[in-house]
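Remember, it's a predicted structure, so these values are computed and weren't measured experimentally. The basis for the numbers below is simple: all heavy atoms, side chains too, and nothing from hydrogens, waters or symmetry mates.
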Amino acid sequence: MMMVPSMPPEVEPSPASPSQPKRLYQAWKGNNVFLCGGRLILGPDAASLLLSTFLVAGPAIVFCYQMQSKFFRSDGQPHMHRAALLIVIITTLADLFFLFMTSARDPGIVPRNTRAPPPEADERNLPTTPSMEWSMGGTPRMRFRRTKDVIVNGFTVKLKFCETCLRYRPPRSSHCSICNNCVQKFDHHCPWVGQCIGLVSTKVMMCIKSAILTFYSPTM
């Protein structure tokens, strides 16, 4: 009787587990600090927000304490003291809310490119001048114009090329050297909130100034 050798069971190849893709904030090339899984974006000097919070909340607490002690010592017009306390508390809470909203929100960051854009036809034969040089993976040397004219609503607008973000910045945008990002309608980098003031945060910053003036104007 002829014995047939048993074949070993076939082992199915296990599919290679794909690498977990990184989220945007995990591959962020700027100097920002992210909290709550990337939902809050702060500047690199966000620690100054603690000092700003103290400077806003400290005088408000002292003012409320003095008003409360004066309220117990005086017999007349108690409703005026309660109204003053209520206004100060609401204004302080609104000021702190706008302060954190300005510091923890995207101010209008322009997304950067991972690769330099291909040069246009009139840019391939540019003379050798101080310009952006970028090479990766054997890519030949490319040179870009520092500025480029585009037509926006019938008007000629000059766009500047950002060598860090590898793109032409939109109109009224600028690169923040502290956060290392291009920001739309960049105004300045505010050290009191530790964040850039740009397209999104300008209106919130105006609310902060209005709340501060509302609180301090009666004491002047």
Side-chain angles (χ1 to χ4, degrees), residues 13-48 101-191 193-205:
S14 59
S17 58
S19 60
Q20 189 71 18
K22 291 184 178 181
R23 301 187 64 180
L24 178 60
Y25 77 95
Q26 294 174 337
W28 193 261
K29 293 184 178 181
N31 298 331
N32 301 91
V33 179
F34 292 88
L35 300 176
C36 300
R39 294 177 177 85
L40 302 178
I41 175 172
L42 305 172
D45 51 347
S48 60
M101 286 288 290
T102 305
S103 180
R105 292 182 65 190
D106 181 0
I109 298 175
V110 181
R112 68 176 65 195
N113 291 332
T114 56
R115 284 181 172 271
E120 298 180 358
D122 59 344
E123 296 177 346
R124 295 174 183 173
N125 298 321
L126 290 177
T128 304
T129 56
S131 60
M132 181 268 184
E133 298 179 5
W134 177 82
S135 61
M136 180 180 294
T139 304
R141 177 178 176 178
M142 293 183 296
R143 295 181 294 272
F144 296 90
R145 294 184 182 275
R146 290 288 186 177
T147 59
K148 182 173 67 173
D149 294 337
V150 296
I151 305 300
V152 179
N153 296 330
F155 296 94
T156 302
V157 180
K158 190 179 295 295
L159 303 182
K160 295 182 179 179
F161 186 81
C162 180
E163 299 182 359
T164 303
C165 299
L166 300 178
R167 64 171 300 158
Y168 286 98
R169 294 194 292 261
R172 296 184 60 189
S173 300
S174 184
H175 190 89
C176 177
S177 59
I178 299 177
C179 294
N180 196 24
N181 296 311
C182 283
V183 181
Q184 300 184 53
K185 295 186 178 180
F186 179 77
D187 187 88
H188 67 286
H189 183 92
C190 182
V193 299
Q195 185 63 280
C196 296
I197 305 302
L199 175 64
V200 180
S201 54
T202 301
K203 296 180 180 179
V204 186
M205 193 67 178

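- Taking K158 as the reference, D149 meet the salt bridge (charged side-chain N to carboxylate O under 4.0 Å, His left out) condition, with sequence neighbours excluded.
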Give the table of side-chain donor-acceptor pairs shorter than 3.5 Å for residues 30-38, with sequence neighbours excluded, one pair per line with atom names and distance.
unit_1	atom_1	unit_2	atom_2	d
N31	ND2	I178	O	3.0
N32	OD1	W28	NE1	3.0
N32	OD1	N181	ND2	2.6
N32	ND2	L42	O	3.3

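- Contact detail for S48 and G194: the closest heavy-atom pair is OG-N, 3.8 Å.
- Counting heavy atoms from C-beta on, the side chains of P171 and L159 come closer than 4.5 Å.
- Checked against side-chain contact (heavy atoms from CB on, under 4.5 Å), R23 has the following partners two or more places apart in sequence or in another chain: Y25, Q26.
- Taking 4.5 Å as the limit, some side-chain heavy atom of I197 sits within range of a side-chain heavy atom of T102.
- Judged as a side-chain contact (heavy atoms from CB on, under 4.5 Å), and not counting sequence neighbours, the contacts of S173 are V110, R169, P170, Q184.
- Counting heavy atoms from C-beta outward, K160 and S174 have side chains that stay 4.5 Å or more apart.
- The two residues Q195 and C179 have their closest heavy-atom pair at OE1-SG, 4.1 Å.
- Annotation: side-chain contact (heavy atoms from CB on, under 4.5 Å) contacts of V200 (sequence neighbours excluded): R105.
- Considering all non-hydrogen atoms of both residues, C196 and C176 come closest at SG-SG, 3.4 Å.
- Take D106 and apply the side-chain hydrogen bond (donor to acceptor under 3.5 Å, both in side chains) test, not counting sequence neighbours, and it matches no residue.
- Among residues two or more places apart in sequence or in another chain, the side-chain contact (heavy atoms from CB on, under 4.5 Å) test is passed with T164 by R112, C162, H175, N180.
- Every residue two or more places apart in sequence or in another chain that forms a side-chain hydrogen bond (donor to acceptor under 3.5 Å, both in side chains) with D45 is listed here: H189.
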